[in-house]
Structure formats: C-alpha cells, structure tokens
Novice: 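Below is one structure. I have some questions about it.
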Amino acid sequence: MRMAHLFGRTLREAPGDVELPSHKYMIRAGMIRPLGAGIYSLLPLGWRVVRKVEQVIREEIDAIGGQEMLMPVVHPADVWKESGRYEAVGPEMTRFKDRGDRDMVLAMTHEEVVADLARQEINSYRQLPMLVYHIQTKWRDEPRARGGLIRVREFTMKDSYSLDLDEAGLDLQYRNHWYAYERIFRRCGLDYVIVGADTGMMGGSASHEYMALSEYGEDLVLICPNGDYAANQEVALFKRDAKVNEPLLPMEEVATPDTTTIQKLADFMGVPLARTAKAVFFVGESGDFIFAVIRGDLDVNETKLRKATGERTLTPATVEQIHAIGAEAGYGSPVGVRNCRVIVDESIRDTPNLVAGANKVGYHLRNTNLGRDYQADVVADIASAVAGLPCPHCGAPMIAERAIEVGNIFKLGTRYSESFGATYLDANGDSKPIVMGSYGIGSGRVTATIAEQHHDDKGLIWPA
RNA sequence: CGGGGAGUAGCGCAGUCCGGUUAGCGCGCAGCGUUCGGGACGCUGAGGUCGGAGGUUCGAAUCCUCUCUCCCCGACCA
C-alpha cells in the first residue's frame, strides 16, 4: 500500500503539549491520536505494532498452557459487590445504571468475572490446574492520565488468571508466568528489572512487578548493584543499623527557638540527624489519628505505614487535629500525646537517647527513649528506602532508578474464590476453595515503553 | 482535589497587555508549471463559529463574568 493511502498522516512538528519521547514520536508517526484525556485511538500503524506485541504475549502465555477467551467490559455491579470491591474501590471505577436502573460498572480488571465463571465451570479437582486469559479493554478513571500511552484511562491489557488446587499449584503457575514474562519482555527488547511490590487493591500474598527502566517512569525502584535485591520503593527494605547500646540518659527539656525542621534542629543541637526523632501526623480513613515516629535521617513511607496501621488511606493531619492530641506541629513528639495511635519505626526502637519535640513551641526534649518515656502501639518498618541505603541482603549501597511498570504478577490465594464460593471437590470429596493468581501486561503501555527505550533524536527505532 | 500553563486553519505559532482595514506567518494540503538517481522549486488557491455562553462598547481574538477542554507539577492510584 502507498503511504499516501495510509490512514493517519505524519507530522513535521509534534503538538505543543506532548512531553515524552514515546508520546511525541507515536503522534508524529501517525500511530496514535488523542480523543480525550487518557483516551487514544490507535491508527492503523499503531494498531499494527500493538498487535505484534500482543502476538508475542499470546504465544508465550499459550506456551505455558493459557487458554484465550474474552470477558466483558461492562459488568453488573453484583459481582463487584460480592467481592467487596464495589465499596472498596474509589472513583477510579466508573459506576452507572442501565435502563432498568441496575447498578453497572466498567471493568477495571477481571478477577470477579473469573471467580464467577470458576464457580460455575469448576467442580472437580480433576479439572485443575487451569489457566485462562484474555486481551481486553480496561477502564480506570485515573485522577491524572499522562504521557501518551504510558498512563491512560482506557487501555488494553492481557490479564491471565490461574486456578489451582493449592498453594503449590499456584507457586508453579506463578513461576511459569515469571519466566513467560521474562521471555515476552526480552522479545520486546525491553531493559527491565523484576521487583517485589505492594499487592495494593488486588490483595493476596505476593506480587512482583516488571519494571522497564526509563527516566520518565512513575515508579522508583531500588536495586542492589550486586544483583541480589530489587524492589519497588513502596515496599523496599534496607539493612538497618545495628542496635546502639548505650545507657539511657535522663530526659531533659531544652529551649530550641525556631527549629521547626529536623535539619535546623540537628544543626542547633549539634547532633547528627540520626540522633533525632521525627514526628509525622496523619489521619486514617477510620478517623484515627496516626502518630508516626521515625529517626530524623529517614522518611516515612506511606505505603508501609498504611499497612502497619491497617488504614486504607492516610491524609496529612491539620494543625487543629495535631493540637487536639496534645502535640505541636514542628515540635511534635510522642511523649505525652493522647487519643492517637503511635506507630514507631524500627530505627527508633534501636537508637536510644534521641532528640524529639516537647510538644511546645520552641522546645525539644533531649534523650527520649521508646518504652521509658512513651509507648508505641506498633513498632514496624515504616521507612522509605532511598538510594545509598544498604541492600537488605549484602549491605551494598543500593541505587534508585525510575521505571515504568509493564507487567505484574499476583498471588491472589483464596481471596476471591472464598467470597464467590468458587470451590472444587478434592479426591476425598471435600470442598476446597480454588487458589487463584492473576497476571497482567498492558499491551499499549508495553508498546509505548518500547518506543521510550528505542528511539533517537530522529525518531523511533523498533526492535526487529 | 491543590498549584501552574494553554485553547487563533490539519500541525507549529504571531496577534491579546494598549479594542478599530477583508485575522496573519511557516509547514502541510489542492491546482498548474518547472525540476527530478535521495524528502526539489515557483505561481495560484482552498481552509478559521479566534474553545463555548453571556456582558461592556459605535466596534471584541483583544476588556469583564461564567463555563468547557487539554497539558504540566503535586495529591491520588497501579
């Protein structure tokens, strides 16, 4: 066919509002066109590339026993009510009513539909294990779409779902996907790392993400240069300093005018940041005041804190709320506060005689100690790993890289099968819940990520 | 949702502060001609509710009010 007949013209100049190379070049090449925020048409050239990516995915998932099918984009809300996610998921799920006034949703993922199908189709252990998948449209009303096809609201995703007798079966399917995904991304020419991740709204016991390295990535991954650890920053661990053994000194109040930041305080007191305790205030979804305490040289990781508190969301506390528990912004400490949950990072437990606030403007306390001067409701790891901190395995300083999440694998366990009553009869005639896993790859995002990693200043260079 | 920016021809922009011919420029597009073994050139031309609504004014792309949309940072989310 002649280029003149190709639907989708090329552009000498990119639209003024695009930023990412993949976005710019895919627009200029006539591959994609925006219809609205985070909503794109794939023109013939773009669709052709995406289909090739999908074909690679299809071949590799078929190779591990996947059976391709197709599940709907519009779901009755009932299945989402059964799993509890109708209430649990926020406005990123679009809800509407059909003409019969029935609650409906647009699919953002398909665990519910698979669980619903599984309870109808599976009754015997003889039918398992099973692996089904489809390549289907998802709608997620993201608060902010950006970057062309990297983060959109409507996108296509290959999602596969494994159904197994037990954890051992799940482990095998998880491992199969692990290697299948490695083959897929290698065939796509992507430079990526596999990292441990938060299970987020999916729930379940384990999760890994395939992160393609890119300066435009939205995630930060921490990588050990020795290759023995890689994790998303939201769950990344690091080797903690050894417990400091020294006698507990008496607590004393000192005047520290104008030291509202931890750096000013450390300078004023002439102590390292690691000898201060920092207070960070949140209010959880339950309405509880969350008082987080962490050593001054570290920062609170909200994902870890959410997990430690069991709160689904955390919002920064207001000055009024801080005063209500007897604390003072800028001079906060857990000593003497009330009506709040105190969550303490491990660093505080292992470092004695810290400088903390006095809950009084212009004053701090020297030599505060957990257990003697205040109690914690929870002691946990709530610290953010950053570049330079030691690898939890070998202790080497980790590096941080920006990355785009191109795929993820989740061990769901029985979270969905139990709420749906998706069970099978085992060899003894006992009813057991099916053990599930789910595995996703965004085909459009993969395509854009390939473009992100394979271009020069003249344009795209697709891997052959 | 908070902060910032932008909507003028298919794309990139100027004009807006300081209201006043038929709203311009480059690229692209069409016709004609020239050229043609590496994205060629010339002439001619088509194409615009100046995002939308309301208001001020003799007169609004330009001033005022409201509103919609898009982009960026953050929040959020995976």
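Values below: all heavy atoms of this structure, side chains included; hydrogens, waters and symmetry mates excluded. Order of the sequence lines sets the chain letters (A, B, ...), proteins ahead of strands, with each chain counted from 1.
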Novice: Roughly how many Å apart are rC18(B) and rC63(B), using the C1' atom of each and rounding to a whole number?
Specialist: 11 Å

Novice: Given the C1' atoms of rA46(B) and rA30(B), what is the spacing between them in whole Å?
Specialist: 7 Å

Novice: Collect all protein-nucleotide pairs involving nucleotides 3-6 of chain B in which both atoms are nitrogen or oxygen and the distance is under 3.5 Å.
Specialist:
none

Novice: Flag the pair Phe282(A) / Glu302(A) as yes when at least one side-chain heavy-atom distance between them is below 4.5 Å, and no otherwise.
Specialist: yes

Novice: Let's test this: given Watson-Crick or G-U wobble pairing with both distances under 3.5 Å, identify the partner of rA6(B).
Specialist: rU69(B)

Novice: What distance, rounded to whole Å, do you find between the two C1' atoms, one in rG48(B) and one in rU8(B)?
Specialist: 8 Å

Novice: For residues 398-405 of chain A, which side-chain N or O atoms pair as donor and acceptor with protein atoms under 3.5 Å away, sequence neighbours left out?
Specialist:
unit_1    : atom_1 : unit_2    : atom_2 : d
Arg402(A) : NH1    : Gly217(A) : O      : 2.9
Glu405(A) : OE2    : Asn408(A) : ND2    : 2.9

Novice: Among pairs that include at least one residue of residues 168-180 of chain A, which meet salt bridge (Lys or Arg N to Asp or Glu O under 4.0 Å), considering only residues two or more places apart or in two chains?
Specialist: Asp171(A)-Lys411(A)

Novice: With both distances kept under 3.5 Å, what pairs with rG28(B), Watson-Crick or G-U wobble?
Specialist: none

Novice: Pairing check on rG74(B): which nucleotide meets the Watson-Crick or G-U wobble criteria with it, both distances under 3.5 Å?
Specialist: rC1(B)

Novice: Might you list the N or O atoms of the protein lying below 3.5 Å from N or O atoms in nucleotides 8-12 of chain B, with each pair's distance?
Specialist:
unit_1  : atom_1 : unit_2   : atom_2 : d
rC11(B) : O2'    : Glu13(A) : O      : 2.9
rG12(B) : OP1    : Gly16(A) : N      : 2.7
rG12(B) : O2'    : Glu13(A) : OE2    : 3.1

Novice: Taking a pair as Watson-Crick or G-U wobble with both distances under 3.5 Å, which nucleotide is matched to rA40(B)?
Specialist: rU34(B)

Novice: Please determine, for rC17(B), whether a Watson-Crick or G-U wobble partner exists with both distances under 3.5 Å, and give it or none.
Specialist: none

Novice: Could you please name the partner base of rU49(B), counting Watson-Crick and G-U wobble pairs only when both distances are under 3.5 Å?
Specialist: none

Novice: Which whole number of Å gives the distance between the C1' atom of rG28(B) and that of rG45(B)?
Specialist: 14 Å

Novice: Given that Pro143(A) and Gly148(A) both sit by RNA chain B, which one's nearest nucleotide is further toward the 5' end?
Specialist: Gly148(A)

Novice: Taking atom P in both rG19(B) and rC64(B), compute the distance separating them and give it to the nearest angstrom.
Specialist: 11 Å

Novice: Which base sits across from rU56(B) as a Watson-Crick or G-U pair, both distances under 3.5 Å?
Specialist: none

Novice: Given that both distances must come in under 3.5 Å, which nucleotide forms a Watson-Crick or G-U wobble pair with rA23(B)?
Specialist: none

Novice: Please enumerate all residues that pass side-chain hydrogen bond (donor to acceptor under 3.5 Å, both in side chains) together with Lys304(A), with sequence neighbours excluded.
Specialist: Asp381(A)

Novice: Looking at Phe281(A) versus Phe291(A), is the centre-to-centre ring distance below 6.0 Å?
Specialist: yes

Novice: Choose from rC71(B), rC76(B), rC77(B) the nucleotide whose nearest atom is closest to any side-chain atom of Ala37(A).
Specialist: rC71(B)

Novice: Please pick, from rC77(B), rC76(B), rA78(B), the nucleotide with the shortest atom-to-atom distance to any side-chain atom of Arg140(A).
Specialist: rA78(B)

Novice: Which side-chain N or O atoms in residues 33-42 of chain A pair as donor and acceptor under 3.5 Å with protein atoms at least two apart or in another chain?
Specialist:
unit_1   : atom_1 : unit_2   : atom_2 : d
Arg33(A) : NH1    : Ile27(A) : O      : 2.7
Arg33(A) : NH2    : Arg9(A)  : O      : 2.8
Tyr40(A) : OH     : His23(A) : NE2    : 3.0

Novice: When you compare rG54(B) with rA14(B), how far apart are their P atoms, in angstrom units rounded to a whole number?
Specialist: 28 Å

